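Each remark here refers to the structure printed beneath this line.
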2 protein chains.
Amino acid sequence: METTIDIKDDVSEIILNSAKTIFARYGFKITTMDEIAQAARKGKSSIYHYFKSKEDIFKAIVEKEADELSAAIAKAINAETTSKKKIRAYVLARMKGINNLTNLYSALKDEYLEHYSFIENVRVKYDTEEVNTIKGILKTGVEDGEFKIEDINLTAFALVTALKGLEYPLFIKNNNAKTEKRFEGLLNVLFYGIIAR
Amino acid sequence: METTIDIKDDVSEIILNSAKTIFARYGFKITTMDEIAQAARKGKSSIYHYFKSKEDIFKAIVEKEADELSAAIAKAINAETTSKKKIRAYVLARMKGINNLTNLYSALKDEYLEHYSFIENVRVKYDTEEVNTIKGILKTGVEDGEFKIEDINLTAFALVTALKGLEYPLFIKNNNAKTEKRFEGLLNVLFYGIIAR
DNA sequence: TAATCGACCAAATTGGTTTTTCGGTCGAAC
DNA sequence: GTTCGACCGAAAAACCAATTTGGTCGATTA
């Protein structure tokens, strides 16, 4: 994975990784630039040669994690053939992925960071990306005659919203085989509805 | 509606209504007992003859509003015959009802009040009530052979969660005929699923 | 030219003190 | 039973000095 091209950004990478650990442990506010610099074995001024602000570093880390989750989800989706399976893969990958990057991604839900506009930007960006991903799957499903949906946009939005709401009470708390079975049941509601036939 | 029995609680009612307006406008924290007393044309000490604390007043107001919403929803449900129509009536009544009591009910979502245990109690109480209502409808629907659901508890919970998530972006913002049509589409997903047949 | 850093600054934060406000009590009066 | 003025103690607000800290700059290194 690592090529020689990365060498140029070597220091940036070191700074980012150092900062990542400290941010994860102590949060954005308390972490100081001096601490980051110290962890990276650099003078504080040197950090500013690579990043223009503390926010900038944090932003880079969060965005990187968001990208990693996106990639993991995309990979899971592409591995499936039918749209139905893609939806299922999406939910599963999302659930498992979020557990991994609890550290910084949880920052999106941190009340203190609520007011930082740059975090809000990341949130909005990731939210729309998420909706678009689902929308894409639904659209393909409809075109292939696999799905039948009145309003794709609305359905995609509702699905993401519901997923986000269920995320914490269902997935985060206990993430095991039993949990998987439970959301399997919910997916069946989505696929087949609750009306008997 | 008003009977002579109410006369005894006349002053309580006055205090409650005065407080309600002030709380709605300025929120729980900023509102002072003196202001409430002044609006009720009473001395501050007099208030304590009817309510034991500021929290107590607020609690009474919020619980009253919650009860009103519950009653409105129950009425709407009972007016319908089939379980499917009951679900639809529930969503509609909930959407319209919440718009009415934006004032204090919004307190449930106020970040400042998050930490007050008495508010948490109201929230939990209303949440479980809501889930139970839906659960009741679903259960009856299944028993009558109208619905077919694997896990009623989970489905009810998911439905309420989704509804709560969609509440703000869909309903509150623009509450009109077009909105009704939109969630009609979502209800169809719930009823019939997205799989084509 | 790219990278590093010590010295420095202004703004924000912190810690501690004082003042004010406010929820709540009490006893008296009606 | 109801009302209220006077009062209390704890919490919040206001204030201020000391310190921290995000960020800049010029010089130095390589």
Side-chain angles (χ1 to χ4, degrees), chain A residues 4-23 25-62 104 107 110-119, chain B residues 4-23 25-62 104 107 110-119:
Chain A
T4 49
I5 298 174
D6 289 337
I7 289 177
K8 203 188 171 191
D9 298 42
D10 214 12
V11 181
S12 295
E13 218 56 43
I14 290 175
I15 295 174
L16 243 34
N17 285 331
S18 304
K20 183 172 173 171
T21 318
I22 307 180
F23 276 141
R25 192 178 329 247
Y26 300 107
F28 177 77
K29 191 183 181 182
I30 299 179
T31 303
T32 77
M33 289 299 276
D34 272 317
E35 286 173 317
I36 295 175
Q38 214 173 331
R41 305 194 178 220
K42 289 280 147 72
K44 186 178 68 169
S45 306
S46 305
I47 307 291
Y48 287 90
H49 187 71
Y50 298 91
F51 299 93
K52 76 177 216 288
S53 70
K54 184 179 166 185
E55 286 190 6
D56 204 43
I57 297 177
F58 192 72
K59 199 170 122 188
I61 295 172
V62 170
L104 275 297
D110 188 331
E111 57 183 68
Y112 172 73
L113 293 166
E114 288 271 321
H115 315 295
Y116 280 76
S117 60
F118 73 99
I119 279 293
Chain B
T4 49
I5 297 175
D6 288 337
I7 291 177
K8 203 186 171 192
D9 298 41
D10 213 12
V11 181
S12 295
E13 219 56 45
I14 291 175
I15 295 173
L16 243 34
N17 285 331
S18 304
K20 183 171 173 171
T21 319
I22 307 179
F23 277 139
R25 188 171 341 237
Y26 300 108
F28 177 76
K29 190 184 182 181
I30 300 179
T31 302
T32 77
M33 289 298 276
D34 273 316
E35 287 173 317
I36 295 175
Q38 213 173 333
R41 308 199 173 213
K42 289 281 148 71
K44 185 177 69 169
S45 307
S46 306
I47 307 292
Y48 286 90
H49 187 70
Y50 298 91
F51 298 94
K52 74 178 217 288
S53 69
K54 184 178 166 186
E55 286 188 7
D56 204 43
I57 297 177
F58 192 73
K59 200 170 122 187
I61 295 172
V62 170
L104 274 298
D110 188 330
E111 58 182 70
Y112 172 73
L113 293 166
E114 288 270 321
H115 315 294
Y116 280 77
S117 60
F118 73 99
I119 278 294

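Chain A is the first sequence line, chain B the second, and so forth, proteins listed ahead of strands; every chain is numbered from 1. Note that the structure is predicted; figures quoted are calculated from it, not measured.
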- Query: Quick one: on DNA chain D, does A:I30 or A:K52 contact a more 5' nucleotide (nearest heavy atom)?
  - Reply: A:I30
- Message: By nearest heavy atom, map B:G43 and A:D34 onto DNA chain D; which one lands nearer the 5' end?
- Response: B:G43
- Could you give me the CA-CA distance, side-chain angles and deciding distance for B:L16 and B:Y50, then say whether side-chain contact (heavy atoms from CB on, under 4.5 Å) is met? CA-CA 10 Å; B:L16 243 34; B:Y50 298 91; over 6 Å; no
When the distance from [atom1] of [X] to [atom2] of [N] is rounded to whole Å, what number comes out?
{"X": "B:I36", "N": "C:dG23", "atom1": "CD1", "atom2": "P", "answer": "8 Å"}
{"X": "B:I14", "N": "D:dT3", "atom1": "CD1", "atom2": "C1'", "answer": "14 Å"}
{"X": "B:I15", "N": "D:dT2", "atom1": "CD1", "atom2": "P", "answer": "11 Å"}
{"X": "B:D10", "N": "D:dG1", "atom1": "CG", "atom2": "C1'", "answer": "15 Å"}
{"X": "A:Q38", "N": "D:dG22", "atom1": "CD", "atom2": "P", "answer": "13 Å"}
{"X": "A:K54", "N": "C:dA11", "atom1": "NZ", "atom2": "C1'", "answer": "14 Å"}
{"X": "A:M33", "N": "C:dA12", "atom1": "CE", "atom2": "P", "answer": "17 Å"}
{"X": "B:I47", "N": "C:dC22", "atom1": "CD1", "atom2": "C1'", "answer": "14 Å"}

- Note on the structure: When rounded to the nearest 0.5 Å, the distance separating CD1 of B:I61 from CD1 of B:I22 is 9.5 Å
- Nearest-0.5 Å distance that lies between atom NZ in B:K20 and atom CD1 in B:I36: 14.0 Å
- Task: Have a look at A:K44 and say if it touches a base, only the backbone sugar-phosphate, or nothing, with a 4.0 Å heavy-atom cut-off.
- Result: base
- Which is true for A:T32 with a 4.0 Å heavy-atom rule: it touches a base, it touches only sugar-phosphate, or it touches nothing? sugar-phosphate
- Query: Under 4.0 Å: is that the gap between some side-chain N or O of A:S45 and OP1 or OP2 of C:dG6?
  - Reply: no
For the side chain of [X], counting heavy atoms from C-beta on, which of [options] is nearest?
{"X": "A:H49", "options": "C:dT4, C:dC5, D:dG1", "answer": "C:dT4"}
{"X": "A:Y50", "options": "C:dG24, C:dA3, D:dG22", "answer": "C:dA3"}
{"X": "B:Y48", "options": "D:dT3, C:dG24, C:dG6", "answer": "C:dG24"}

- Task: Let me see the working for B:H49 and B:V11 under side-chain contact (heavy atoms from CB on, under 4.5 Å), right down to the final yes or no.
- Result: CA-CA 10 Å; B:H49 187 70; B:V11 181; over 6 Å; no
- Hey, can you tell me if A:F23 and A:F58 have their rings parallel, tilted or perpendicular (30° and 60° cut-offs)? perpendicular
